[in-house]
Amino acid sequence: LSLVQDIPEPANIVCDQILRTQPAGEISEEIVRKAFSAAVADREGRFAERLTRYRESEKQVLSTIAKLGPVKKPKGKDFLHAIGGLSPTLVFSLVRKFEDMAEIYKDNEGYVVADPLLAEFLRRYR
């Protein structure tokens with residue numbers, strides 16, 4: 001559950017992956033991690049298509065949140081340096097837009113990508 005941030009839908013997806021690919025028996029942490037990785041790979045096309053709806057600056061902000069998350073201060077020097085070239089005002093407006101779209105959310109630790117499978121896709125391929 002910690003791998004999928006206690007979110008039911010990605011947990012169901014990973015469990016389904018395990019049921020379809022593993023023989024009956026004990027399920028180890030390694031099996032769960034492999035199933036998580038396979039679930040991301042299975043959805044690679046969906047995630048890539050989903051990103052086509054965003055401008056490059058939007059993809060950059062979302063990818064950086066996935067890679068560095070949780071991000072406490074999206075207008076902070078470290079985050080802006082990681083993004084490179086985007087103004088604090090633009091970054092702040094994109095963070096608000098992604099919050100409104102439920103692509104990201106803010107918890108006690110900072111901003112994170114709402115879908116852990118998408119976050120892993122962004123970490124791997126963007």
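All values below were derived from every heavy atom in this structure, side-chain atoms included, with hydrogens, water molecules and symmetry-related copies excluded.
Classified by interplanar angle (parallel below 30°, tilted 30° to 60°, perpendicular above 60°), the ring pair Phe121/Phe47 is tilted.
In this structure, the side chains of Leu62 and Ile65 stay at 4.5 Å or more apart for every pair of heavy atoms. With contacts defined as side-chain heavy-atom distances shorter than 4.5 Å, the pair Leu3/Val14 does not qualify. Residues Lys34 and Thr21 are not in side-chain contact: their nearest non-hydrogen atoms beyond the backbone lie 4.5 Å or more apart. At least one side-chain heavy atom of Ile83 sits less than 4.5 Å from a side-chain heavy atom of Leu86.
Note that OH of Tyr125 and OG of Ser63 are 13.5 Å apart. Values are rounded to the nearest 0.5 Å. Arg20 contributes atom CZ, which lies 4.5 Å from atom CD of Gln17 (distance to the nearest 0.5 angstrom). With rounding to the nearest 0.5 angstrom, the CD atom of Glu120 is 11.0 Å from the CG atom of Asp115. Rounded to the nearest 0.5 angstrom, Thr64 OG1 and Leu80 CG are separated by 10.0 Å. Taking CE of Met101 as the start and CZ of Arg53 as the end, the distance is 7.5 Å to the nearest 0.5 Å.
Between the side chain of Ser37 and the main chain of Arg33, no donor-acceptor pair closer than 3.5 Å is present. Here the side chain of Lys72 pairs a donor or acceptor atom with the backbone of Asn108 at under 3.5 angstrom.
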**OP:** Begin from the C-alpha positions of Tyr54 and Glu103 and carry the test side-chain hydrogen bond (donor to acceptor under 3.5 Å, both in side chains) through to its verdict.
**Re:** CA-CA 12 Å; Tyr54 296 133; Glu103 288 283 16; 2.5 Å; yes
Original post:
Can you list the steps and then say if Val71 with Glu109 is a side chain to side chain contact (heavy atoms under 4.5 Å, CB included)?
Top reply: CA-CA 7 Å; Val71 175; Glu109 296 180 34; over 6 Å; no
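Salt bridge annotation for Arg43-Glu49: absent, with no cationic side-chain nitrogen under 4.0 angstrom from a carboxylate oxygen.
Of all heavy-atom pairs between Phe79 and Pro74, the closest is CD2-O, 2.9 Å. The minimum heavy-atom distance between Ala66 and Ala119, with the atom names listed, is CB-O, 3.7 Å. A pairwise comparison of heavy atoms in Gln5 and Ala114 identifies OE1-O, 4.0 Å as the closest pair.
Two different hydrophobic clusters hold Ile7 and Leu1 under the rule that ILVMFWY side chains link at heavy-atom gaps under 4.5 Å. In the hydrophobic cluster analysis, where Ile, Leu, Val, Met, Phe, Trp and Tyr join through side-chain heavy atoms closer than 4.5 angstrom, Phe92 is grouped apart from Ile104. Both Leu90 and Leu68 are assigned to one and the same hydrophobic cluster, defined by single-linkage of ILVMFWY side chains at heavy-atom distances under 4.5 Å.
Within the structure, every pair that satisfies the salt bridge (Lys or Arg N to Asp or Glu O under 4.0 Å) test and touches residues 90-99, not counting sequence neighbours, is listed here: Glu58-Lys97, Arg96-Glu99. The side-chain hydrogen bond (donor to acceptor under 3.5 Å, both in side chains) analysis of residues 73-90, with sequence neighbours excluded, yields no pairs.
Under a 4.5 Å side-chain heavy-atom criterion applied to ILVMFWY residues, the cluster that includes Tyr105 comprises Val112 as well.
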